[in-house]
Amino acid sequence: MSINLEQLMQTQQALAKQVKCDDDFNASINYVGGTDVGFEDNGKITRAAIVILRYPTFEVVEYHIARVETGFPYIPGYLSFREYPALLAAWQQVTQKPDLLFVDGQGVAHPRRLGIASHLGLLLDMPTIGVAKKRLCGQYEILPKQAGNVTPLQDKQEQIGWVLCSKNNCNPLFISTGHRVSQDSALNWVNLCLRGYRLPEPTRWADAIASNKPLFKKFIYAE
DNA sequence: GCGACAG
DNA sequence: ATCTTGTCGC
């Protein structure tokens, strides 16, 4: 089996046309979700974590981890094809579906406007926000690492997202609309979910769960 | 042609 | 992403 990138590119372009960048979700958010993906056995196994938090208290309501065989390599610009199968498996286990889902990776801040947050948003028909730790494409003005600083991420006269300094002395986050959320709301909701750490709570918990970090171990022990 | 390139 | 200790700075 070989990979036909030409074919996948066309698939992305077709899907990108279906992405909605306007607010289309209940104004009252009661549950927010976060996702993160990790790998095991030299990448043979893809491990996806999904966590649901109550908003605005950020208590963990439930979390799930799904492991599936990795069926696609990592190719910049095609990350979603590698990670979405495991994310869908984890999603099936979710009882309390969130009102908003924070996805690790780009939303429309992607060469063809279909980062994993947008792709997953379409597959789940859920409002999603892309929260990436690195830039994939687009240009922006370098900002002092002072919490609160924010500048547009632009690609060819078009704003594809935001570069946000979420915490002092930390590298910025790359925020972009995934699906059914406006760029302004994406930035707004990330800010509303920040609690003194670089990552917004849904992403921070998903990160801890997917990688079995101290925050998660402590949580398990307390349970 | 060369470098850049989410996780 | 992952393999990994200590270390520097806020």
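Only heavy atoms go into these numbers, but all of them, side chains included; no hydrogens, no water, no symmetry mates.
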- [ ] Heavy atoms only: give me the nearest Phe25(A)-Asp99(A) pair and the separation to one decimal.
- [x] CB-O, 4.3 Å
Task: For the student: nearest non-hydrogen atoms of Ile116(A) and Asp104(A), plus distance - done: CG2-O, 3.5 Å
Task: Cationic N near anionic O, under 4.0 Å, Arg47(A) to Glu40(A) - done: yes
To the nearest Å, give me how far apart [atom1] ([X]) and [atom2] ([N]) are.
| X | N | atom1 | atom2 | value |
| --- | --- | --- | --- | --- |
| Phe72(A) | dA1(C) | CZ | P | 19 Å |
| Ile75(A) | dG7(B) | CD1 | P | 16 Å |
| Tyr74(A) | dT2(C) | OH | C1' | 14 Å |
| Phe174(A) | dA6(B) | CZ | P | 10 Å |
| Gln106(A) | dA4(B) | CD | C1' | 14 Å |
| Leu87(A) | dA1(C) | CG | P | 14 Å |
| Ile175(A) | dA6(B) | CD1 | C1' | 13 Å |

Task: Of residues 128-141 of chain A, the positions that come close to DNA chain B - non-hydrogen atoms, cut-off under 4.0 Å - done: Ala132(A), Lys133(A), Lys134(A), Arg135(A), Leu136(A)
Open item on the list: Would Arg82(A) and Phe39(A) count as a cation-pi pair here, with the cationic atom under 6.0 angstrom from the ring centre and within 45° of the axis?
Closed with: yes
Open item on the list: Let's test your reading of the pairing rules: Watson-Crick or G-U wobble, both distances under 3.5 Å, then write DNA chain C as a dot-bracket string with ( ), [ ], | and dots.
Closed with: ..........
TODO: Give DNA chain B the dot-bracket treatment, 5' to 3': Watson-Crick (N1-N3 with N6-O4 or O6-N4) or G-U (N1-O2, O6-N3) under 3.5 Å, [ ] crossing, | other strand.
DONE: .......
